[in-house]
Amino acid sequence: MVQIDLLFKLAGLGIAVAVIYQVLERAGREELGTLVTVAGLIIGLFLVVNLVSELLSSLKSLFSLY
């Protein structure tokens with residue numbers, strides 16, 4: 001089952017990145033807005049990578065012949 005706190009963290013991160021991007025776009029700083037979006041994506045991937053690692057580990061143990 002997916003951890004609910006991880007979902008809230010990802011949703012908060014997405015909202016924060018969207019707001020910061022909109023503010024920077026209105027200020028005429030589209031380049032920084034793009035960098036903020038990429039940084040948000042990388043942070044989101046770091047949050048999810050542990051969950052994916054656990055999934056692959058359990059799949060490995062499920063299909064292991066030992």
Side-chain donor-acceptor pairs of residues 48-58 under 3.5 Å, sequence neighbours excluded:
unit_1	atom_1	unit_2	atom_2	d
Ser58	OG	Glu54	O	3.2
Ser58	OG	Leu55	O	2.9

Acceptor/donor pairs from residues 21-30 side chains to any protein atom, 3.5 angstrom cut, sequence neighbours excluded:
none

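Separation of atoms CD1 (Ile20) and OG1 (Thr37) is listed at 9.5 Å; rounding is to 0.5 Å. With values rounded to the nearest 0.5 angstrom, Leu7 atom CG is found 11.0 Å from Leu47 atom CG. If you take CG on Leu10 and CD1 on Ile15, they are separated by 11.0 Å, rounding to the nearest 0.5 Å.
Think of Phe46 as one node in a network of Ile, Leu, Val, Met, Phe, Trp and Tyr side chains linked at under 4.5 Å; its network also takes in Val38, Ile42.
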